[in-house]
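Have a look at the structure below before the remarks.
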Amino acid sequence: MAFVNSRCALKDIPSLLSSGDRDFLIRRNGNQVQIQDLAGKIICLYFSDSLDGPCSRFTPVLCEVYEALSPGGDFEVIIVPSDKTEESFNKFLSTVPWLTIPSSDETTVKRLKDMFGVKTIPHITILDQMGNVLTRQGLSLIRDYGADAYPFTAERIDSLTQEEEVAKENQSLIPMLVSKSRDYLVPVSELVGKTIGLYFSVHGHRVSQEFTLKLIDYHARLQETVDDFEIVLVPLDNQEEDFRQGFKTIPWPAVPFGDKTCKRLSNYFEIRTLPTLTIIGRDGKTLNQNVAELIEEHGIEAYPFTTGKLLELGAVTKARMAAETLESVLTLSEHDFVINRTGSKIPISQLAGKNILLYFSAHWCPPCRAFLPKLTEAYNDIKNKDDTFEIIFISRDHDQASFDDYFSTMPWLAFPFGDPRHPFLLKKYRISGIPSAVVINPNGQTVTKEARALLTIYGAAAYPFTEDHLKPLDEELEGKAKSWPEKLRHEIHGQHELVRTRRYAFMCGECREAGFRWSFRCKPCNFDLHPSCCLKMDEEASENGGTRNDPKQGWTCEGDTCRKAPSSS
């Protein structure tokens with residue numbers, strides 16, 4: 001099944017960027033630059049809003065890439081602004097060296113957004129010298145590879161991907177930690193032959209700060225008994241001062257702040273949650289992707305993180321969970337109730353015998369608002385068949401008014417706003433992003449922490465979320481997936497074939513909704529499409545279950561999950 005990449009058949013650059021009598025772009029000093037002077041250059045169209053959090057965090061990355069590539073004379077960045085006020089835009093423009101379409105030219109801005117299918121910001125589309133699309137995934141390419149992605153052709157990205165695959169096959173410690181400009185943390189050679197914990201963290205991130213204190217104690221206790229274990233901090237802080245504040249409190253070495261190795265390692269290990277402690281064995285190979293939870297739960301007993309040790313700890317965890325009860329999980333001191341929408345208190349004891357879904361969400365979170373209709377539909381369908389099912393909303397809202405407004409749209413129960421059980425449950429279930437949904441059975445034992453994905457894929461049919469119930473559903477989905485083409489082309493991503501790929505989670509590049517289990521994927525560009533979007537299925541026939549609701553809100557969160565900003569407390 002193939003599609004003609006009609007969106008790539010563009011006009012020449014002047015026709016693309018001009019409007020009416022305007023045949024120029026402007027720089028921060030107010031100087032006009034004739035669009036025709038861009039002939040022969042690779043153009044990076046940067047769709048951005050200076051007040052948007054993800055945009056403001058990405059802008060310094062793009063500045064660094066521009067600084068590296070602009071001396072060649074054939075690369076230019078052009079801002080396609082989304083700022084609501086001219087004042088905010090002009091302030092932003094004064095800080096960057098790029099060209100821009102005037103913020104007042106709303107017609108051209110809208111035309112470009114429609115032409116390139118821009119639904120979220122920041123977004124980067126890169127054009128070649130003739131105005132043809134090289135990639136619409138410029139954001140991820142620049143974020144992952146920086147200036148090394150130049151000239152952003154399919155051949156270059158394929159080459160980088162192959163280099164990564166070779167590096168993973170031949171993984172060793174020294175190439176991992178040494179950059180071209182330095183060979184020190186302590187001398188990296190002194191770490192060879194040891195078990196190394198790469199600690200990915202942000203000092204201003206509350207959960208990271210809490211775990212760092214535990215890790216300091218863990219490190220000290222472990223050093224008393226073994227001499228071949230060391231931790232290396234890989235800082236992901238946005239500000240150097242934050243890094244310095246955190247670094248002075250820890251006893252282990254760090255990759256220098258701002259070193260390209262930090263970003264390279266973050267991409268290499270596909271870091272999605274903070275904190276992450278990745279264990280590298282004595283042979284330089286990855287032993288465990290993230291042992292933060294193991295250390296939280298088992299402390300010193302988690303070492304040396306081998307497969308045998310993990311099996312041993314798993315048995316301990318299973319035995320402890322078997323001893324839990326619904327009331328032990330959901331009560332804390334005198335807080336032994338939930339509320340309904342009228343504010344009436346319902347004792348936890350009245351939930352005896354029910355399967356409970358704990359829904360961690362917030363009104364400020366766009367992915368949460370997008371998921372809510374799907375969850376509401378599933379809730380009503382399940383309740384109509386089995387009244388032993390209930391949902392408890394656990395709010396991550398910032399104030400009572402937001403909580404009240406959001407909870408008023410839900411047909412289920414909730415913990416009160418600011419309830420002290422919130423942090424206990426967040427920690428217990430390792431909730432690092434929202435929306436999240438955890439299911440516990442009538443005995444208080446965890447059934448699944450992946451209820452959001454299961455409801456997205458199967459809807460109400462996922463209930464009661466047990467392995468035995470889900471197995472035939474998974475097998476049916478596997479069978480249907482085999483009927484889809486292995487590879488295809490789609491107009492929204494014409495430069496590469498998309499490959500049918502099993503995925504844990506992804507963001508669809510067309511409808512901008514979360515997807516799980518299966519996608520059509522371009523690995524070099526880190527680009528995914530729902531099978532329903534790719535195959536133009538009716539939503540009822542969608543095999544990945546991705547919803548198509550438009551939340552009609554600006555997406556300020558990154559990907560399909562909202563997380564606390566690193567600077568939040």
Side-chain angles (χ1 to χ4, degrees), residues 171-179 182 184-188 190-224 226-282 284-306 309-310 427 430 432-433 563-564 566-567:
Q171 179 178 307
S172 61
L173 192 66
I174 288 181
M176 192 185 303
L177 295 179
V178 171
S179 75
R182 56 156 185 81
Y184 61 87
L185 304 156
V186 295
V188 175
E190 294 183 9
L191 301 175
V192 174
K194 293 186 176 183
T195 299
I196 303 297
L198 297 179
Y199 183 39
F200 297 87
S201 179
V202 170
H203 175 64
H205 182 241
R206 178 181 57 81
V207 179
S208 292
Q209 287 180 320
E210 293 173 355
F211 181 71
T212 297
L213 295 176
K214 295 177 181 177
L215 191 58
I216 291 172
D217 178 67
Y218 179 86
H219 180 263
R221 294 176 62 193
L222 198 59
Q223 294 282 24
E224 294 174 358
V226 301
D227 59 4
D228 60 350
F229 175 76
E230 187 55 274
I231 295 172
V232 173
L233 174 66
V234 184
L236 301 180
D237 302 85
N238 291 321
Q239 303 296 326
E240 186 170 8
E241 182 57 30
D242 290 336
F243 163 72
R244 292 184 180 279
Q245 288 295 321
F247 186 45
K248 67 183 182 182
T249 68
I250 61 175
W252 48 77
V255 178
F257 172 80
D259 193 291
K260 291 182 179 180
T261 301
C262 297
K263 185 62 183 175
R264 177 166 55 81
L265 290 173
S266 177
N267 293 335
Y268 181 85
F269 290 106
E270 298 181 351
I271 301 303
R272 296 290 180 266
T273 62
L274 293 177
T276 289
L277 184 64
T278 298
I279 301 299
I280 309 300
R282 296 182 182 91
K285 309 297 183 185
T286 303
L287 190 61
N288 195 299
Q289 195 72 23
N290 188 6
V291 299
E293 289 189 13
L294 289 173
I295 290 175
E296 284 263 21
E297 189 170 347
H298 300 285
I300 198 74
E301 297 300 322
Y303 186 81
F305 316 108
T306 58
K309 174 60 73 171
L310 297 187
K427 181 178 179 180
R430 306 293 196 271
S432 60
R563 304 183 188 278
K564 284 274 191 180
S567 59

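- Under the side-chain hydrogen bond (donor to acceptor under 3.5 Å, both in side chains) criterion, Thr212 pairs with Tyr199, not counting sequence neighbours.
- Tyr218 approaches Gly299 most closely through the heavy-atom pair CE1-O, 3.0 Å.
- A distance-only check finds no donor-acceptor pair linking the side chain of Asp242 to the backbone of Val202 [under 3.5 Å].
- Looking at heavy atoms from C-beta onward, Leu236 lies in side-chain contact with Ser266 at the 4.5 angstrom threshold.
- Taking each heavy atom of Pro304 and Lys309 in turn, the nearest pair found is CD-CE, 4.1 Å.
- In this structure, OG on Ser208 lies 12.0 Å from CZ on Phe200, to the nearest 0.5 angstrom.
- Atoms CG and CZ, on Asp259 and Arg264 in that order, are 8.0 Å from each other to the nearest 0.5 Å.
- In this structure, Ser201 and Leu233 have side chains that are in contact, with non-hydrogen atoms separated by less than 4.5 Å.
- Side-chain contact check for Tyr303 versus Val226: some heavy-atom pair is nearer than 4.5 Å.
- A distance of 13.5 Å separates CG of Leu215 from CD of Glu210, quoted to the nearest 0.5 Å.
- Side-chain contact between Leu310 and Leu294: present, with at least one pair of heavy atoms (C-beta onward) separated by less than 4.5 Å.
- No more than 12 heavy atoms of other residues, nucleotides or ligands lie within 6.0 Å of CD in Gln239, so this atom counts as exposed by the packing criterion.
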Please output the side-chain donor-acceptor pairs of residues 247-256 that fall under 3.5 Å, not counting sequence neighbours, one pair per line with the distance.
{"unit_1": "Lys248", "atom_1": "NZ", "unit_2": "Gln245", "atom_2": "OE1", "d": "3.3"}
{"unit_1": "Thr249", "atom_1": "OG1", "unit_2": "Gly246", "atom_2": "O", "d": "2.7"}

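- Between Ile231 atom CD1 and Lys194 atom NZ the span is 12.0 Å, to the nearest 0.5 Å.
- We find the CZ-CD1 distance between Arg282 and Ile196 to be 10.5 Å, quoted to the nearest 0.5 Å.
- Rounded to the nearest 0.5 Å, atoms CD1 (Ile216) and NE2 (His219) are 10.0 Å apart.
- Side-chain atoms of Asn290 do not come within 3.5 Å of backbone N or O of Thr278 as any donor-acceptor pair.
- Applying the salt bridge (Lys or Arg N to Asp or Glu O under 4.0 Å) rule to pairs touching residues 288-302 yields Lys214-Glu296, Glu297-Arg320, sequence neighbours excluded.
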Practice item. Test side chain to side chain contact (heavy atoms under 4.5 Å, CB included) on Phe305 and Ile295 and set out the steps. Key: CA-CA 10 Å; Phe305 316 108; Ile295 290 175; 4.3 Å; yes

Review point. Which is it for Thr286 and Phe269 under the side chain to side chain contact (heavy atoms under 4.5 Å, CB included) test, yes or no, and what are the steps along the way?
Key: CA-CA 9 Å; Thr286 303; Phe269 290 106; 3.4 Å; yes

